[in-house]
Amino acid sequence: MKLPVLTLQPKAPKLKIGDTCPTLQPNVTESCILADPDGTQVGLFIKQLPDDLRNLVNIADHEVNSTRVPKTMMDRKRPLPPGPDGKRRYLVISQYSAILGSVPPKPHMRRAYGTRSSVHSSKTAGTFVKAMHKAGITAYQLVQELAPEVTQLHSSKVQARVPEKWRFAKHFSSTISNCNIAAPIHQDHANVKGAINIIITKRRNSTGGNLHVPDYDATFDQTDGSMLVYPAWRNCHGVTPIVPTHQGGYRNSHVWYALDSFASLG
Amino acid sequence: MIDYQIAIPSYKRPTRLITETLTTLKRTNADFSRVTVFVADSNEKHLYDTALQAIGLGVKVVISQPGLINSRIWYNLHYYKPGTRILNLDDDIAGLYVKDGNALQAYTGDLDRLVSKGFQVCQNTGARLWGINPVANGMFLKPTITVGLRYICGIFHGTFAGDPAMCGDDRPRQSSGEDFELTLRSFKRYKGVVRIDGYCPKTKYFAEGGIQAELGGKDKRAKDHEAQLQQIVNRFPSISKLYTKSGDVPNIKLKTITHGKLQWI
């Protein structure tokens with residue numbers, strides 16, 4: 001399969017980090033390879049996954065929606081300018097999620113060492129862990145086939161920055177499965193520079209929830225079973241509001257990424 | 001403990017198979033070396049293999065024939081040795097429940113206990129078909145095992161490989177209502193079927209995939225279902241009759257015949 005190339009043209013961003021992403025109509029709606037103006041491949045968008053990968057993601061998605069997978073409420077905090085009273089303020093975004101793979105040290109939480117996600121030790125989450133692991137490997141192979149330049153850079157950077165024992169799904173350090181989260185504009189500064197994120201979307205009876213990259217004014221049509229491969233460390237990005245159209249409507253994203261915090265842990 | 005095999009015909013639903021039936025089997029401590037999944041063709045086998053290998057349960061995937069009934073007949077005749085005890089399961093059993101007063105409780109005991117009892121009662125009574133209650137409602141479950149004529153739902157039932165009631169040449173090859181056909185044929189042939197009344201499966205009847213996919217969609221399945229049920233009733237007029245249940249879904253009511261009851265749950 002050969003995909004058309006979409007050259008990303010830089011635009012003056014209308015949104016900045018911390019802004020809530022407004023409702024935007026997707027303008028990248030077909031499968032394509034994403035490239036810089038100089039022709040360098042930087043990512044990939046696939047509208048429909050091949051059957052084998054789709055099955056694995058369906059299994060993972062079904063499991064994360066069940067009670068078998070322990071999920072956590074995660075708060076993402078970003079400092080904001082001090083308020084009128086001079087007190088520190090933070091932008092706090094709460095999201096339901098399940099993390100797999102490696103978790104970096106968090107000294108502020110009295111954990112000065114890296115560890116594996118506690119989901120791995122849950123007896124009932126085995127199917128989810130295995131499905132995510134295999135799906136990560138299969139998705140990476142697909143990217144390798146369609147956009148080899150992207151995986152070459154990713155592979156060299158991950159090999160340099162993520163020791164083998166901290167890896168998950170061979171080419172990443174961790175994954176996160178987000179349930180119904182429309183994240184405001186942010187940038188993944190903690191990721192390995194040069195590495196990609198693989199984002200697979202699962203949804204039912206919902207609209208919105210599409211990834212928007214203000215630097216290129218690009219909004220991807222993240223339909224059910226679509227895959228976006230993007231260097232999330234490079235540009236800020238956010239998710240448009242998720243609107244369930246029927247009761248129980250949802251939009252989940254399963255993201256594989258490589259964190260940079262493990263290089264010094266050996 | 002009685003030796004048996006677990007056969008699961010599946011069509012275009014590897015996700016359901018893994019997240020529902022295999023998860024249910026895992027919860028009931030099933031021995032996965034007994035489990036074989038029967039698929040329609042090599043393309044399906046590749047998809048099921050990929051998904052099952054990722055989960056790593058050691059389940060075999062075997063190509064049989066397209067169509068639920070064809071698949072069931074195929075593995076009865078060509079895969080298992082004649083007389084092998086087979087637990088036939090659907091691929092979308094989300095849970096197994098047991099009567100708890102007027103309510104239901106998830107069954108967390110061993111599958112072996114339930115299956116052994118089913119086959120044991122069959123052997124003691126001369127029946128060749130056993131099953132569990134199809135109704136997921138504690139009010140209608142009973143702490144008994146009935147021998148006689150009761151509907152044995154195709155979702156979860158035990159048979160013996162090569163049984164002519166299951167795979168005789170005179171058996172119509174229609175997937176719709178195949179469990180009614182099997183129940184009635186087995187009753188006619190062996191004068192009784194065995195139903196464990198205190199247990200039921202949790203599933204979604206007329207779900208996407210499965211027979212619906214085999215017949216080409218919801219509307220086609222509904223039409224086919226009604227036509228097939230009518231034919232079954234025509235073949236067994238004295239012990240079955242057609243009626244329409246809520247939601248305008250045609251169904252068959254079997255004549256209640258009870259030869260004996262045993263208290264067991």
Original post:
Which pairs pass salt bridge (charged side-chain N to carboxylate O under 4.0 Å, His left out) with one or both residues in residues 41-58 of chain B, sequence neighbours excluded?
Top reply: B:Lys45-B:Asp49
Subject >> A:Tyr257: partners by ring-ring contact (aromatic ring centres under 6.0 Å, His included), with sequence neighbours left out >> reply: none
**OP:** With sequence neighbours excluded, tell me which residues meet ring-ring contact (aromatic ring centres under 6.0 Å, His included) with B:Tyr199.
**Re:** B:Tyr107, B:Trp264
Subject >> Contacting region of A:Ile59 [heavy-atom separation from chain B under 4.5 Å] >> reply: both
Subject >> Top contributor to chain A interface from B:Leu57, B:Thr50, B:Leu47 [non-hydrogen pairs under 4.5 Å] >> reply: B:Leu47
Subject >> When A:Thr127, A:Val129, A:Ile137 are compared by non-hydrogen pairs under 4.5 Å with chain B, the top option >> reply: A:Thr127
Subject >> Heavy-atom side-chain proximity of A:Asp51 to B:His46 below 4.5 angstrom >> reply: no
**OP:** Taking the side chain as every heavy atom from C-beta outward, state whether B:Arg16 and A:Asn58 have any pair of such atoms under 4.5 Å apart.
**Re:** no
Original post:
For A:Gln144, does the CD atom have more than 12 heavy-atom neighbours from other residues, nucleotides or ligands under 6.0 Å away?
Top reply: yes
Original post:
Should we say atom NZ of B:Lys60 is surrounded by more than 12 heavy atoms from elsewhere, each under 6.0 Å from it?
Top reply: yes
Subject >> Which atoms of B:Ile18 approach chain A - backbone, side chain, both or neither, heavy atom under 4.5 Å >> reply: side chain
Would you compute the distance between atom [atom1] of [X] and atom [atom2] of [Y] and round it to the nearest 0.5 angstrom?
X	Y	atom1	atom2	answer
B:Thr19	A:Glu63	OG1	CD	6.0 Å
A:Lys134	B:Gln53	NZ	CD	7.0 Å
B:Arg27	A:Arg68	CZ	CZ	6.0 Å

**OP:** Tabulate, in ascending numerical order, the residues of residues 94-102 of chain B having at least one heavy atom closer than 4.5 Å to a heavy atom of chain A, or enter 'none'.
**Re:** none
Subject >> Nearest non-hydrogen partners of A:Lys130 and B:Ala54, listed with the distance >> reply: CB-O, 3.2 Å
